[in-house]
Amino acid sequence: MDDAYCGTPAPDPAPLDAGPPYAECVLCRKPTEYPESTKGATLCPVCAWQEAGRTACSG
């Protein structure tokens, strides 16, 4: 029996340079979906969602 037939190939590692350098979130410092050249306060998706909830509920 051929062992190579049943073996699962190792997944390719993610490329280190997967896009432009991303800006940091101003609240948690995680990468955002915006490039570093974006002007203004950049938020990651989680912080943007939390901020939208806070502003929607403030009276």
Subject >> Gap separating the CH2 atom of W49 from the CZ atom of R54, nearest 0.5 angstrom >> reply: 10.5 Å
Original post:
Is there a donor-acceptor contact under 3.5 Å from the side chain of T55 to the main chain of E51?
Top reply: yes
Original post:
Quick check: does any side chain N or O of T32 sit under 3.5 Å from a backbone N or O of A23, one acting as donor and the other as acceptor?
Top reply: yes
**OP:** Among P31, C44, P45, find the one that has a side chain to side chain contact (heavy atoms under 4.5 Å, CB included) with C25.
**Re:** C44
**OP:** Starting at OG1 of T42, measure out to NZ of K30 and round the result to the nearest 0.5 Å.
**Re:** 14.5 Å
**OP:** For the residue pair P35 and P21, establish whether any side-chain heavy-atom pair is separated by less than 4.5 Å.
**Re:** no
Original post:
Taking the side chain as C-beta and beyond, is there a heavy-atom pair between L43 and V26 under 4.5 Å?
Top reply: yes
